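Note that the coordinates shown come from a computational prediction; the quantities given were computed from them, not determined experimentally. Lettering follows sequence order; numbering is per chain, from 1.
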Amino acid sequence: MNLFKLVLIELWHRKSQLVSGLLAITLGIGVIVGIRSFSVVSEKAVAVNLDNLGANIMVLPQAASVDNYYSADIDAPTFPESYVERIVTSSLPGVDNLSPKLTRRLKIGNESIVLTGILPKSEIASKPIWQQGGLFADKIAASCAPKPGAEPAKYLDERLQRKGIDSLAEADCFIGSVIAQRLNLKEKDKLNIEGKDFTVVNVLPETGTVDDDRVFANLHTVQELLGTGEQISAIEIMGCCSEISDGLLGKLRNVLPDTRITTIGQIVSTQIETNKMMNKISFVFLIIILFVGGISIGNYIWANVNERRKEIGILRMIGYHKRHVYFILVLKGIIIGFLGGIAGYILGTFGAIWLGPQFAGIEVAPIYTLILVSVVISVSVSIIGTVIPAYMAGKIEPFSNMQEE
Amino acid sequence: MLIKTRNLTKIYPHNDGAVHAINNLSFDIPKGSFVTVTGASGSGKTTLLLILGGLLHPSSGTMVYNGKALNMQKDDVMANFRSNHVGFVMQSFALISYLTAVENIMIALNVRNKNKAEARKQAIELLDWVGLNDRINHYPKELSAGQQQRVAIARALANSPDLLLADEPTGNLDPGLSEEILGILKVINENHNTTVIMVTHSPIAASFGNITISLENGQIKTNNQSKYEEIFQLTH
Ligand SMILES: Nc1ncnc2c1ncn2[C@@H]1O[C@H](COP(=O)(O)OP(=O)(O)O)[C@@H](O)[C@H]1O
Ligand SMILES: [Mg+2]
């Protein structure tokens, strides 16, 4: 019989004590795993939001107002179109798509519209939402910006996408859903703006943003129509979310110092705040676990040592060394830590899966890598908790059991 | 001589004044003898046994085992001494409650790095030898006092000790069982040439030995000391 088996027999023999010793660490790990499972899903949701919302960085002239991300380009002053070139040649990582825009508020009869000149390919590609049929209409993997190779799979209707890009010719336009309704327009209808006739090639799905009031036409047509020359009022950039948090904005500001650069951040900032808070909470719990879990396991081992004075004395009497006694106790700590980590993982994961939809409306999926994290934390805490009792146990005299009568 | 002690003294510190548990003991024990240690309660019998078994360091004096001085040795050296040379039998049996009879013996073999199957086989042989081959998988609480003490004896024999130390091994047993246990100890002493040192209250038990050490207040009874010097030709 080896020491490992001796420990297992002993733990099994005192099951109820083992369970109470496990309680704190299991609960603690459970809470950490639960929070973590939530926040990972929530972080994914943020990433999906950013991707779904299309361009998520906006380059505006210095004087523009940025109260509303979606309408920031409207009536803004202009800057040269060559700024697009500057960003491209700077080859910053995380910039996936550039979409220069020129926007003016105009009237068609009594209806006010927002005429937006775009360069079709880049504008379409940076707005996956248009092909999705609306916000959150379909689940998008929480990836970075759509990658060129994987792109087609994401669109529900590929033909729609091709058509849009290919056919936004000099006299073509896309119209938002609100415009279509108000002006009673459908595909192939004619639309006269400032004396120029446009053909409606596509009515865009509703987005719930100012985009629904927009008429999109070719940038160069719009520049001509408004007489601005090679000027634009905004550049929308599809930025990779992780790059944005890595300081992409600052880098862009270096490239275009006389512009104003903003992100869609405000929209997702609450969610990011929540995630930050969740992470803070799990950190606090980690600290609490270190104390409570460690102390409770230490207490278990300590009680165990006291109860086992006689047994330890017997083992020492028949020739076991101090190091064997340490080994037995640390092994016990490791086993308890391991069990606590596994039990905590299961508790936290099932808790999150069960509570997620009920309280937060989030579907939580198990995160398997957390098993390892749980076990490592739990075992480390457990070993720390075991050190002092093990040291005390080493001091138990080999004959202490013999002095009892 | 298996054991030589010279001026062996153990002082337990205590708030009410230090206790001289044993005081200046000098004696020799030849290999193969059956020594009984008698004396009133508190006379230092257990303390003496603990020192002889390498469980306790004397405060002063020397204890030489097979020519090797054992006092003031490191903890690990003492642990090795116990596992290689000494078997212990205690009044309270000192069995581990959650281990079966065979497992209680296997843990003693385990210190000596026996492989599992071999250890189990040997443990069963030992149980067989003390007449418990039908109680192999019984827990201590499922055994009678006499059976428990036989398991303890089997465990004490697991390392084939040169020295068997027994502290009132029959103290918790009724007379019939006592004699049985004493008989087993006697056989061990005679058949295996194992030196047995047994602490006992009972005159009957004392009569099983061929040498008796009578203690009084931690010292060999004065009317006994000359007799000892005669028997052992104690060399100072
Ligand atoms: N651990 C100890 N601390 C203090 N005094 C002790 C300790 N163990 C024994 N004693 C004292 O030493 C003396 C001898 O004890 P012991 O060897 O157990 O005697 P016996 O076994 O003959 O009854 C007693 O007076 C006892 O009170
Ligand atoms: Mg005693």
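- With a 4.5 angstrom heavy-atom cutoff, B/Arg120 does not touch chain A via any of its atoms.
- Residue A/Ile9 forms a side-chain contact (heavy atoms from CB on, under 4.5 Å) with just one option from B/Ile96, B/Leu99, B/Thr100, and that option is B/Leu99.
- The number of heavy-atom neighbours closer than 6.0 Å to CD1 of A/Ile388, taken from other residues, nucleotides and ligands shown, is 12 or below.
- The shortest heavy-atom contact between A/Ile318 and B/Ser83 is O-CB, 3.7 Å.
- With a 4.5 Å cut-off on side-chain heavy atoms, B/Met90 and A/Ile314 do not count as touching.
- From A/Asn2, atom CG reaches atom CE of B/Met106 across 9.0 Å, with rounding to the nearest 0.5 Å.
- Neither the backbone nor the side chain of B/Leu109 comes within contact range of chain A; no heavy atoms are under 4.5 Å apart.
- Residue-environment remark: NZ (B/Lys31) exceeds the threshold of 12 foreign heavy atoms within 6.0 Å.
- With a threshold of 4.5 angstrom between heavy atoms, B/Asp75 approaches chain A through side-chain atoms but not through N, CA, C or O.
- Minimum interatomic distance between B/Tyr98 and A/Leu6 (heavy atoms only, all atoms of both residues): CE1-O, 4.3 Å.
- Within a 6.0 Å sphere centred on CZ of A/Phe350, other residues, nucleotides and ligands contribute 12 heavy atoms or fewer.
- Checked for salt-bridge contact, A/Lys322 and B/Asp76 miss the test: no charged N lies under 4.0 Å from a carboxylate O.
- Nearest approach of B/Ala79 to A/Arg316, heavy atoms of both residues: CB-NH1, 4.3 Å.
- Across every non-hydrogen atom of A/Met317 and B/Leu55, the tightest pair is CA-CD2, 3.8 Å.
- The number of heavy-atom neighbours closer than 6.0 Å to CD of B/Glu180, taken from other residues, nucleotides and ligands shown, is above 12.
- Scanning residues 11-26 of chain A against chain B with a 4.5 Å non-hydrogen threshold yields A/His13, A/Arg14, sorted by number.
- Of all heavy-atom pairs between B/Ile107 and A/Tyr320, the closest is O-OH, 2.6 Å.
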